[in-house]
Amino acid sequence: MQFSELALYLEKLEKTSSRLEITRILSELFEATTSAEVDKIVYLSLGILAPNYEGVLLNLAEKMMIRTLALAFNKSADEVKSLYKKSGDLGDTAEELSQSTVHPSQFTVTDVYEKLLDIAKDNGEGSQERKIEMTSSLLKNLDSLSVRFVARIPVGKLRLGFSEKTIIEALGISDTEYNIYPDIGHIAYLTKTNNLKNIKPKIGVPVVPMLAARLNSTTEMVAKMGQVSVEPKFDGLRIFIHFKRKDNIVKIFTRNMNSIPLETFPELLGVGKFIKAEEVILDSEAIGIDPTSPRLRGAGVFLDFQKTIQRRRKHNIKKTAGEIPLQFQIFDVLLLNGKSLINEPYINRRMELEKIIIGGSLLRVDENTVTKDPEIIKEMHKKYLKMGLEGVVVKKANGKYVSGRTGWNWVKMKEEEGQSGRLSDTLDCIVMGYFTGKGKRAQFGLGKILVGIKDGDVIRTLTKVGTGLTEAMLVEIKNRLNKLQSKEKPKEYEAQKDLIPDVWAVPSLVIEVTADSISKSTKHSLGLSLRFPRFLRIREDKGAGDATTLGELIWWPYFSAKYGLAFVGLLLPASLIQFFVNREVSRYTAITGKGIWSGFLSLGKYFTYPLFLLCFVNFLWLGGYASAGGTALFELTRFPLSFSDRGGTLFWSYILIIGFSGIFLFSKIIYKSLENFMKVVSAITVLGLIFSAFQPEVRVFAGEFFKYFFNPLSIRWPTTWEASDSSHLVTAIAFAGMGGFLNLLYSYWMKDKGVGMAKYTSKVKGLLIKEEEEVEEEKDLVFADTEENKIMWKGWIKFLNFDSLLAVTINAITAGLTTLLAFAILFPKGIFPTGWKITVVQAQFFESSLGYWGRILFLLVASAFMIDTWVGLTDGVARQFADFTYKVRKLGKSFRFWYYFWLGFLILTSLITITLAQPGVLITIIGVISIFAFVLYIPALWYLNYIKLPQEYPVFIKPKKWESVTLLLTWIFYLAIAAGYLWTVF
DNA sequence: TCTGATGCGTC
DNA sequence: GTCGGAC
DNA sequence: GTCCGACGACGCATCAGA
């Protein structure tokens with residue numbers, strides 16, 4: 001057949017949209033074809049030269065075709081490009097160009113096919129030029145209509161409205177043969193020559209894979225499929241393994257029926273050792289495993305898709321295979337010892353699988369749950385998401401292996417019911433410009449849009465979006481953007497050169513976008529991008545100034561990361577400034593030997609009573625620390641299995657609280673045991689954080705990070721501000737250096753440490769420790785103005801400064817490191833921890849550097865850290881309260897009585913309050929109140945230490961002038977924060 | 001020998 | 001991979 | 001429900017050209 005004749009058919013096909021009509025025309029075409037050419041016609045009309053698994057590639061596509069057309073029709077590449085922009089189709093462009101030239105010779109279909117095959121075969125040095133020349137001479141010798149279609153073939157876009165399925169229908173056959181012998185050209189040939197007979201899957205020939213439809217309602221699943229098998233969905237590569245023991249044949253195919261050379265996955269060379277059968281075809285998902293993780297019962301820790309895909313390579317295989325070992329999650333068997341299992345019910349196929357697979361670190365049969373209960377599907381879905389997997393695949397229990405996505409046999413579910421993407425929040429992005437569409441989209445003049453996010457004053461590209469747009473929306477957006485059109489790139493935009501849209505738009509239009517996850521990007525100027533982005537809607541209510549900023553993309557586990565770099569600059573001053581408060585608190589105790597509340601009380605009840613009330617309310621919520629520890633333990637143990645996050649957290653929190661309350665009973669000097677325990681826990685935490693921070697993936701971010709860390713002046717505030725944001729920010733500032741009422745605890749720890757005059761007062765001991773002498777209220781210990789005392793005083797002050805500075809510095813370091821890690825690890829992955837998840841997510845810091853055991857270690861340390869904080873606070877607060885009540889009302893009870901009274905009260909309160917809210921919320925309450933506490937009591941500290949005590953004690957204890965200046969500045973700092981907070985909230 | 005452009009294939 | 005349009 | 005064709009990010013391979 002002359003190619004020109006085929007072209008007439010193709011033109012007719014292109015014009016018709018009805019599939020019935022297309023099918024009719026195709027059968028007419030096949031009727032008119034000889035059996036010798038039918039395969040070539042089929043291939044060419046699909047834009048291919050051979051079935052995928054033969055790996056015939058032209059290596060000539062869009063850009064090269066533009067050059068080809070320029071060469072063939074004597075135009076400049078720019079001229080071709082601009083025509084292409086307009087038509088959106090290189091075939092149409094080629095046709096248009098070819099009309100002005102003569103086409104001397106004619107080619108048959110076979111001629112064209114063979115010439116293209118020659119082009120495909122060429123490679124090596126100079127091949128690009130030769131390919132272009134060959135293609136160009138082919139086009140020059142065809143009539144214009146043929147040129148249209150031949151030019152489209154290399155680009156792989158025939159746009160005729162049909163593909164394999166329709167061809168099969170046109171051939172008048174069922175798809176069963178094609179599905180197990182997916183060479184459409186050969187099938188057409190066999191049909192034409194009446195040789196198509198029943199065949200079965202064959203080793204070395206791929207099977208068209210069965211795909212999962214999507215549904216995110218579990219009840220619908222059960223309604224459609226009845227009894228189902230629920231299985232994890234891994235984020236790896238779909239791999240078919242063909243194995244024949246005789247001659248040790250191993251062949252591998254992908255989802256698209258491409259064959260992969262066995263050298264790519266050397267671990268499969270010896271796969272026969274793990275298969276108890278002579279001959280099998282297995283369906284599986286290959287997924288990379290973290291080689292540093294221990295393999296518990298053979299199972300490893302999964303790497304993400306980006307890592308796994310690196311295994312698909314030709315070079316450096318050995319090294320990469322060591323870094324990214326693959327685990328094959330097997331879930332189906334299609335051929336077993338010569339018998340096709342395709343028509344067996346799924347459950348039976350699985351039973352066979354379990355018999356023949358020797359599970360280990362190479363092959364593993366997916367775990368599954370057979371059920372009819374939508375709730376159980378939901379539970380499994382939740383569980384697998386928690387394990388870091390993609391979701392679930394739900395399979396009809398008695399379904400056959402049906403190639404393609406037809407019917408409700410396999411169903412996948414990624415996101416929660418009712419959600420549109422797996423990202424926890426949708427993003428509001430600024431539309432930076434648009435690209436003219438290709439093919440069908442060309443008529444709308446817009447095919448996709450370039451979208452970005454504000455990063456300070458600059459707007460950086462995040463992703464292109466082209467899916468999710470209806471045709472009406474294409475038009476709508478185009479019209480809007482034309483009004484916002486800008487000849488040049490707006491100067492606040494930053495975009496790399498292969499991301500220049502056809503039309504720039506001034507920042508104004510905001511759209512809502514969703515996606516599955518956030519990935520690191522080298523292509524987009526933001527350094528991040530979206531996996532599977534899709535358009536949701538135009539945000540009519542938002543202008544460019546309201547769009548999501550870079551800072552809003554993360555939520556620092558310690559309340560700060562939500563503002564990303566914008567917050568970082570505040571961190572260092574916020575942690576260090578508390579030094580001045582700590583120092584005054586401890587100074588008072590060192591001089592008088594008394595707790596700080598005694599000092600406040602000496603100032604009068606009208607000041608102290610309200611302050612105490614505030615303090616009292618504040619510490620009702622300290623159970624938040626215990627429940628944060630509980631979250632970590634629940635995550636670690638996953639026990640009790642059936643409990644929700646909340647239930648499990650409460651369960652472990654109660655165990656922790658009750659367990660650790662023992663310290664109060666048995667400890668000789670409570671402060672000592674707390675501090676020793678804390679030392680160990682802190683050391684592990686800090687070392688782990690430092691170690692994690694030195695991992696290469698974190699180091700990359702360090703430069704950028706520290707620039708902001710040490711230069712608070714470069715803080716860029718997020719443009720949107722919600723009341724809850726203010727609370728988080730204020731809390732972060734308060735906690736950066738352990739602030740608010742917590743600073744007052746210093747006084748009591750100093751007392752127990754016996755610093756200064758406190759060494760002459762008694763210490764609080766455990767309830768069950770026999771006490772020779774009752775702990776009493778402190779005596780008034782005033783020392784004389786002697787040279788000896790002066791020297792002693794200098795020593796105390798040195799110690800106080802050192803101790804306070806040490807505490808503040810450690811806080812600053814941990815806070816800084818955690819922010820860095822959040823920025824480097826959580827941010828790129830798009831993990832925004834909230835509520836119960838805060839502690840758990842931080843485990844990823846350790847996991848990223850120390851692997852599986854790092855995670856375990858972190859969760860253990862985190863729970864220890866949190867419960868220890870709770871114990872420490874409960875003890876300290878009980879003393880504050882006891883100090884206060886003992887002094888205020890002489891009820892005839894001892895200090896020790898009041899201490900244990902408040903201890904009991906606080907433990908009880910913790911047990912109750914942790915049921916009311918998540919740990920994050922509880923801790924936020926403490927943080928916000930703390931800021932106001934500073935404003936109230938810093939002046940009181942000043943009065944006590946700078947005015948009152950110098951009147952009663954020797955003059956040498958009077959602080960220096962500049963010290964009162966630092967205290968004043970500190971007070972102003974907190975005053976400003978508190979005022980700012982009130983201002984944004986109200 | 002390195003880098004950018006282009007193509008192809010995975011999800 | 002996601003999504004919308006045509007049938 | 002089915003099929004088709006718009007569109008996404010990103011990793012590796014190859015070739016051209018500095």
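Note on naming: letters A, B, ... go to the chains in the order of the sequence lines (proteins, then strands), and numbering restarts at 1 for each one. As the structure is a prediction and not an experimental result, all values here were calculated from the model.
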Backbone N/O of [Y] and side chain of [X]: donor-acceptor pair under 3.5 Å:
X         : Y         : answer
Lys412(A) : Arg214(A) : no
Arg441(A) : Lys438(A) : no
Asn316(A) : Lys319(A) : no
Ser87(A)  : Asp89(A)  : yes
Arg405(A) : Ala212(A) : yes
Asn52(A)  : Asn256(A) : yes

With a 4.0 Å cut-off on heavy atoms, is [X] in touch with a base, just the backbone sugar-phosphate, or nothing at all?
X         : value
Phe535(A) : nothing
Thr308(A) : nothing
Leu20(A)  : nothing
Ile66(A)  : nothing
Gly404(A) : nothing
Lys412(A) : sugar-phosphate
Gly156(A) : nothing

Ignoring backbone atoms, test whether [X] places a side-chain nitrogen or oxygen under 4.0 Å from the OP1 or OP2 oxygen of [N].
X         : N       : answer
Arg238(A) : dC11(B) : no
Arg255(A) : dG1(C)  : yes
Asn258(A) : dT10(B) : yes

Distances for protein N/O vs nucleotides 2-5 of chain B N/O pairs under 3.5 angstrom?
residue	atom	partner	partner atom	Å
dA5(B)	OP1	Lys497(A)	NZ	2.9

- Item | Flag for Tyr84(A)-Glu62(A): side-chain donor and acceptor within less than 3.5 Å | yes

Nearest-Å distance, [atom1] ([X]) to [atom2] ([N])?
X         : N       : atom1 : atom2 : result
Ile48(A)  : dG9(B)  : CD1   : P     : 11 Å
Met257(A) : dC8(B)  : CE    : P     : 18 Å
Phe240(A) : dT10(B) : CZ    : P     : 12 Å
Leu60(A)  : dC8(B)  : CG    : C1'   : 13 Å
Phe265(A) : dT10(B) : CZ    : C1'   : 11 Å
Leu530(A) : dC11(B) : CG    : P     : 20 Å
Leu303(A) : dT10(B) : CG    : P     : 20 Å
Met65(A)  : dG7(B)  : CE    : P     : 10 Å

- Taking the six-membered ring where the residue is Trp, are the ring centres of Tyr434(A) and Trp504(A) under 6.0 Å apart?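 Here the rings of Trp504(A) and Tyr434(A) have centres that are no less than 6.0 Å from each other.
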
- Task: Assess Lys478(A) against Phe444(A): is NZ or CZ under 6.0 Å from the centre of the six-membered ring, and within 45 degrees of the ring's axis?
- Result: no

- Item | Results of side chain to side chain contact (heavy atoms under 4.5 Å, CB included) for Phe240(A) - residues two or more places apart only | Pro209(A), Arg238(A), His242(A), Phe253(A), Asp283(A), Leu334(A), Tyr401(A)

- Query: With rounding to whole Å, what would you report as the distance between dG4(C) and dA5(B) at their P atoms?
  - Reply: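 Their P atoms lie roughly 34 Å apart.
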
- Distance, C1' atom - from dG1(C) to dC8(B), rounded to whole angstrom: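 About 16 Å, rounded to a whole number of Å.
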
- Message: From the set dG7(B), dT10(B), dG4(C), return the single nucleotide nearest to any side-chain atom of Asn256(A).
- Response: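 So the side chain of Asn256(A) is nearest to dT10(B).
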
- Task: Measure from the side chain of Ile309(A), starting at C-beta and using heavy atoms only, and say which of dG7(B), dT10(B), dT2(C) lies closest.
- Result: dT10(B)

- Starting from the 5' end of DNA chain D, give me the residue, Thr522(A) or Leu160(A), whose nearest nucleotide shows up first. Leu160(A)

- Let me know, please, whether Gly437(A) or Arg67(A) comes out on the 5' side of the other along DNA chain D by nearest nucleotide.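 Result: Gly437(A).
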
- Atom OG1 in Thr514(A), atom CG in Leu536(A): separation rounded to 0.5 Å?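 Atom-to-atom, Thr514(A):OG1 and Leu536(A):CG are 5.5 Å apart.
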
- For DNA chain D, note the earliest and the latest nucleotide, 5' to 3', having some atom under 4.0 Å of a heavy atom belonging to chain A.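 With heavy atoms of chain A under 4.0 Å away, the range is dG1(D) to dA16(D).
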
- 5'-most contact on DNA chain C: Arg441(A) or Lys233(A), nearest heavy atom basis? Lys233(A)

